[in-house]
Amino acid sequence: MEIEYIGHSACALSADGGVILVDPFISGNPSADYDWKNRNVKSIFLTHGHSDHLGDAIEISKTKNARITAVFELANYCAKNGALANGVNIGGKISFPWGDAWFVPARHSSSTPDGVYAGEAAGIVFSIGGVKFYHAGDTSLTQEMRLIKEVYKPKAAMLPIGGYFTMGVDEAVIAAQLLGVEKVIPIHYNTFPPIKADVEKFKYKLETVGIEVVIMKPGEKIEL
Ligand code: NI
Ligand code: MN
């Protein structure tokens, strides 16, 4: 599985001869420079409805004919706004020709930029080519991470470390250990002043317990 980091919590997974976008916050994202118009966007996933995750999803869906998969209330909101959307919920496994995705619990809130209730916030576990990757979305440190390890055994995770709206560096260090992952890609930090975080401290702390930390710059790719 190849992952391109777009910036903030947004990434593009290579699959199905194209890309699967997760939380495509691109316009208005000071850390993103991703030309989605020139990509073969096959599918879009949203962890929750906040503007820094919903991002450009509706416009991308309309332009690229790409279906959004999101929690039921958020999917309905996207559909009402003209997108193609598939409503799912926490605990569900959704199968595609390219692999599977499971919506898993996140401890966070979820509403759309115009204040509409958007259901529960989620994390998403992807299985592509036999590799499992967990995108935590926005969440606090939670006991659910023990179960995510036990049930899905993800190889790698994207974890928020910015604090303020999500867990911070110290909690994310514990999260990575609960998840039992080999590799962590820190996300959701330094995009805006309240979520400034010491990513080098995060890397140091996890590497002392044998978990690799890959600090990705927007536009960089990693093969899992
Ligand atoms: Ni959020
Ligand atoms: Mn966020």
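Basis for what follows: all heavy atoms, side chains included, without hydrogens, waters or symmetry-related copies. In listed order, ligands and their atoms are each counted from 1.
Residue D198 qualifies as enclosed at atom CG: its count of foreign heavy atoms under 6.0 Å is above 12.
Note on the Ni ion (ligand 1): protein N/O/S atoms under 2.8 Å are H48 NE2, H50 ND1, H108 NE2, D138 OD2. Closer than 2.8 Å to the Mn ion (ligand 2) sit the protein N, O or S atoms D52 OD2, H53 NE2, D138 OD2, H188 NE2.
Scanning all heavy atoms of the two residues, the minimum distance from D23 to H48 falls at OD1-N, 4.5 Å. Of all heavy-atom pairs spanning Y134 and G123, the tightest one is CE1-CA, 4.4 Å. Closest approach of G119 to V71, counting heavy atoms only: CA-CG1, 4.2 Å.
No side-chain donor-acceptor contact under 3.5 Å links N29 and H8.
Residue I222 holds its CD1 atom at 4.5 Å from NZ of K183, rounded to the nearest 0.5 Å.
In the hydrophobic clustering (ILVMFWY side chains linked at under 4.5 Å, chained through shared members), V41 is joined by I6, V19, L21, I26, Y34, W36, I44, L46, L54, I58, I60, I68, L74, Y77, V116. The hydrophobic side chain of Y117 is isolated, with no ILVMFWY side chain under 4.5 Å apart from it.
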* ring pair (Phe, Tyr, Trp, His ring centres under 6.0 Å) assessment of F126 paired with F45 -> CA-CA 10 Å; F126 293 93; F45 283 78; 5.0 Å; yes
